[in-house]
Undergrad: 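Below is the structure I would like to discuss, written out as C-alpha cells.
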Amino acid sequence: QSQEVSQARIDYHVALQALQEHGTRMVCSGKMHTDRICRFDYLCYCSEAEEFVFFHSNSSVMLPNLGSRRFQPALLDLSSVEDHNTQYFNFLELPAAALKFMPKPVFVPDVTLILNRFNPDNLMHVFHDDLLPAFYTMQQYSDLDDEARLVFMEGWGEGPHFDLYRLLSSKQPLLKEQLRNFGKLMCFTKSYVGLSKMTTWYQYGFVQPQGPKANILVSGNEIRQFAKALMEKMNITKKDEYIVVFSRSTTRLILNEAELIMALAQEFEMRVVTVSLEEQSFPSIVQVISGASMLVSMHGAQLITSLFLPRGAVVVELFPFAVNPEQYTPYKTLASLPGMDLHYVSWRNMKEENAVTHPDRPWEQGGIAHLEKDEQERILASKDVPRHLCCRNPEWLFRIYQDTLVDIPSFLEVLKEAMKVKPNLKKTKVASTVHPGRVREPQCQTSVQTSNEAKLTVSWQIPWNLKYLKVREVKYEVWIQEQGENTYMPYILPQQNYTFSENIKPFTTYLVWVRCIFNKSLLGPFADVLTYFL
Ligand code: UDP
C-alpha cells in the first residue's frame, strides 16, 4: 500500500516550468455534461478550497470552451448516475501567473482517473455505478492501465467494499480526505475526469419511478468479461452443481430459511449452501457463486453477485408482501441482458400473515411511527406499494424492510413453472452475435405490362461477411414504398431476387430498401435506397 506519490519519477523543475508556461490543458469527449469525460494535463487541486483549479496561460486549451455555460448546470457528471445535482464536476480558473503566490505544487506522476463513487456502502451501487463504469472507462483510454491511480472525490470514507475498488488497478485508490496529505496544491500531470455511463442498465427513480434505463448499451458479454477479469484478480477457480441461498442477517429476513433450504435440496436433489455478506469475505462469496446452478435471495443489493453466476444458472429473487416485482427490476434487467444467459424468476409473498413488519424502526429501515396516524393506517391497509420516486417513500421502505416466512408450496410452484421454459443453453451459446453486412449490388428492373399492371424485379448479392460465416437461417427483407406515402410494404424472402407485381402501379415512383437478416433477429443495415419510376 504505497500511498505516497513518488516525486522521483518526474523532474520537479521541468514539471513546474511546464505548468507555469503552458498552464492547464483540457480536451473532452461528449456533447453534454451527461456524456462528457475530460482529459487534462496539469489539472490541479487546492485542498484548502476543496476546488480543482485550471491555470490559464497563453498555451492552455479548454475544449469545449463553454464560457459560463460550464455552470449550466456543470461541466460533467463525476459519477455514473445521470445528471445528479450532488455529483457535478467543475473547476475554478486562475492565471498561471498566480502560481508565484501560491504554495509549491506537488505533482502526481500517475495517470489518474478522478470520479465520484455514488453509494459505496451498497454492493449493488458499488458494482453498477462504480466498478463497471470505472473498468470500462479505463478500457476506453489506453493510458488508464494497471498503473493508473484512482481518486474518489465524493468525500466518503473507504466503505465496506474498498477491497473491490483496489482490484481496478495496482495502485492504492485515493480518497478526497487524503488529498490534503499531499499539501495545499497538488497537480495531476495527466488525468481523466468522469465515468462512462455505457455499462449502466438501471435508473434509481430520481425523476421517474425506478426501472431499466431507456437505452441500454451493454450486453451480457461485457458484464461477463468484467466478471472474469475481477475473478482472475481474486484468484477464483471453478466448482460444480449446487444451489446458493444468499442470506441477509439483519434486515429483510427469510424467517424460515432452514425450511427453504430443505425444500430446495429435496426438489432439485442438489446440495444447498448459504452465503452472507456478514459472515464471509467477498472473494469467498464469489468463489461459491461462480460455480452455482441457482442463486436464491431476497430482493437486495447482494443480488448483484448474480453477475458472477455461470451461464445457464437460475436467479430466484424473493419479494416481501405488497412489493410488486415488476417495479423493482435491477437484477431482472441484469439477468435478462442479451448474452448474460441467466434464467430469472421472481417470487412474491402474497400472504399478509406471513409478513413481519417493523413499524417502530427508524424511517430509513421502514419505520412509520413518525407519520400521522391516518397515513400509518393507510399504509397498513394497502396491499400494493404504488409507483413512487426514490428514495424516501415511507410506504415503500415499510414494505421492502418486512421479514418474510416463505410459503414453500407457492415458492416451489413458481420455480417448477419457470424451469419448464428454461432455455436450452447450448442453443443460446452457439447463437452468433455477428450482424449481416449490407446486401451488395441491389438492382431493380421494371416492366410496364398494361396501363394498370406493372412489375418490379429486385435482386441483390449476399452481404460480404456471409461467406465467412455459418448462419442457420439467412433471409432478406424488402420494403417497397410508394413515393409520398408514409407506409410501406414489407416482404421477407429466402432468395436473392423477387418480382413484385401485386400492388405495383405504372406511372408511379417506388423506393426500395433491402437488408439481410440472420437467424430471425440479427438485422443488417439497409442498402442504399433504390428509386424507380414505373
Ligand atoms: N445487507 C446485508 N445483510 C442485511 C442487510 C443488508 O448484507 O441483513 C447489505 C446489502 O446487501 C447491501 C447493504 O448491506 O450491500 C445495504 O443494504 P440495504 O438494505 O440498505 O440496501 P438494499 O439491499 O435494499 O439495496
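Read the numbers this way: they start at 1 and go in the same order the structure lists the ligands and their atoms.
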Undergrad: Judged on heavy-atom distance to atom 10 (C) of ligand 1, which of Gln302, His125, Glu279 sits nearest?
TA: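 Considering heavy atoms of Gln302, His125, Glu279, the nearest to atom 10 (C) of ligand 1 sits in Gln302.
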Undergrad: Side chains of Leu371 and Trp363, heavy atoms from C-beta outward: is any pair under 4.5 Å?
TA: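 A side-chain contact is absent here, since even the closest heavy-atom pair is not under 4.5 Å.
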Undergrad: Does the protein place a non-hydrogen atom closer than 4.0 angstrom to atom 15 (O) of ligand 1?
TA: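 Yes, at least one protein heavy atom sits under 4.0 Å from atom 15 (O) of ligand 1.
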Undergrad: Who gets closest to atom 22 (P) of ligand 1 by heavy atom: Leu123, Asn122, Ile304?
TA: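 Among Leu123, Asn122, Ile304, the closest heavy atom to atom 22 (P) of ligand 1 belongs to Asn122.
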Undergrad: If you have a sec, work out which protein heavy atom is nearest atom 17 (O) of ligand 1 and how many Å separate them, to one decimal?
TA: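 Checked against all protein heavy atoms, atom 17 (O) of ligand 1 sits closest to Arg248 NH2, 4.1 Å.
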Undergrad: Give the residue and atom name of whichever protein heavy atom lies nearest to atom 20 (O) of ligand 1, and the separation in Å to one decimal.
TA: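 So the nearest neighbour among protein heavy atoms is Tyr401 OH, 3.1 Å.
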Undergrad: Any cation-pi pair here, Arg399 with Phe319, using under 6.0 Å and within 45°?
TA: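 No.
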Undergrad: Look only at interatomic distance and state if Ala301 has a nitrogen or oxygen under 3.5 Å from any nitrogen or oxygen of ligand 1.
TA: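 Yes, Ala301 has an N/O under 3.5 Å of an N/O on ligand 1.
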Undergrad: Is there a side chain to side chain donor-acceptor pair (under 3.5 Å) between Thr251 and Gln365 once you walk through the steps?
TA: CA-CA 8 Å; Thr251 62; Gln365 282 170 40; over 6 Å; no
Undergrad: For His388 and Tyr328, I'd like to know if the aromatic rings sit close, meaning centre-to-centre distance below 6.0 Å.
TA: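 Yes, close enough.
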Undergrad: Of Lys190, Arg39, Arg149, which is the lone residue that meets salt bridge (Lys or Arg N to Asp or Glu O under 4.0 Å) with Asp143?
TA: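 Only one option passes, and that is Arg39.
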Undergrad: For atom 9 (C) of ligand 1, what's the nearest protein heavy atom and its distance?
TA: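 That would be Leu277 CD1, 4.0 Å.
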Undergrad: Check the angle between the aromatic planes of His125 and Tyr204 and answer parallel, tilted or perpendicular using the 30° and 60° thresholds.
TA: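 Tilted, since the angle between the ring planes falls between 30° and 60°.
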Undergrad: Heavy-atom contacts under 4.0 Å between Ser249 and ligand 1: side chain, backbone, both, or neither?
TA: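 Within the 4.0 Å criterion, Ser249 contacts ligand 1 through backbone atoms alone.
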Undergrad: Report yes or no: does Met124 have a heavy atom closer than 4.0 Å to ligand 1?
TA: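 Flag not set, Met124 not near ligand 1.
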Undergrad: Who's the nearest protein heavy-atom neighbour of atom 2 (C) of ligand 1, and how far?
TA: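 Result: Glu278 OE2, 3.3 Å.
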Undergrad: Give me the ring orientation class for Phe127 and Phe282: parallel if the planes are under 30° apart, tilted from 30 to 60°, perpendicular past 60°.
TA: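 It falls in the tilted class, 30° to 60°.
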Undergrad: Classify the ring geometry between Phe152 and Phe162 as parallel (under 30°), tilted (30 to 60°) or perpendicular (over 60°).
TA: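 The rings of Phe152 and Phe162 stand perpendicular, inter-plane angle above 60°.
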Undergrad: Under a 4.0 angstrom heavy-atom cut-off, which atoms of ligand 1 come close to Gly300?
TA: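 With Gly300 as reference, the close atoms of ligand 1 come out as 23 (O).
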Undergrad: Between His128 and Tyr202, is the ring centre distance below 6.0 Å?
TA: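 Ring centres of Tyr202 and His128 not closer than 6.0 Å.
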Undergrad: Considering heavy atoms of the protein only, find what lies nearest to atom 24 (O) of ligand 1 and give residue, atom and distance to 0.1 Å.
TA: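 For atom 24 (O) of ligand 1, the nearest protein heavy atom comes out as Arg252 NH2, 2.9 Å.
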Undergrad: One residue to check: His299. Relative to ligand 1, which of side chain, backbone, both or neither has a non-hydrogen atom less than 4.0 Å away?
TA: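 Contact part for His299 vs ligand 1: neither.
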Undergrad: Distance under 4.0 Å to a non-hydrogen atom of Thr250: what atoms of ligand 1 satisfy this?
TA: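 Near Thr250, meaning under 4.0 Å from one of its heavy atoms, ligand 1 has 4 (C), 5 (C), 8 (O).
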Undergrad: What protein heavy atom sits nearest atom 13 (C) of ligand 1, and how far off is it?
TA: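 Answer for atom 13 (C) of ligand 1: Asp121 O, 3.9 Å.
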Undergrad: Do the two ring centres, one from His33 and one from Tyr88, sit under 6.0 Å apart?
TA: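 Yes - the distance between ring centres of His33 and Tyr88 falls below the 6.0 Å cut-off.
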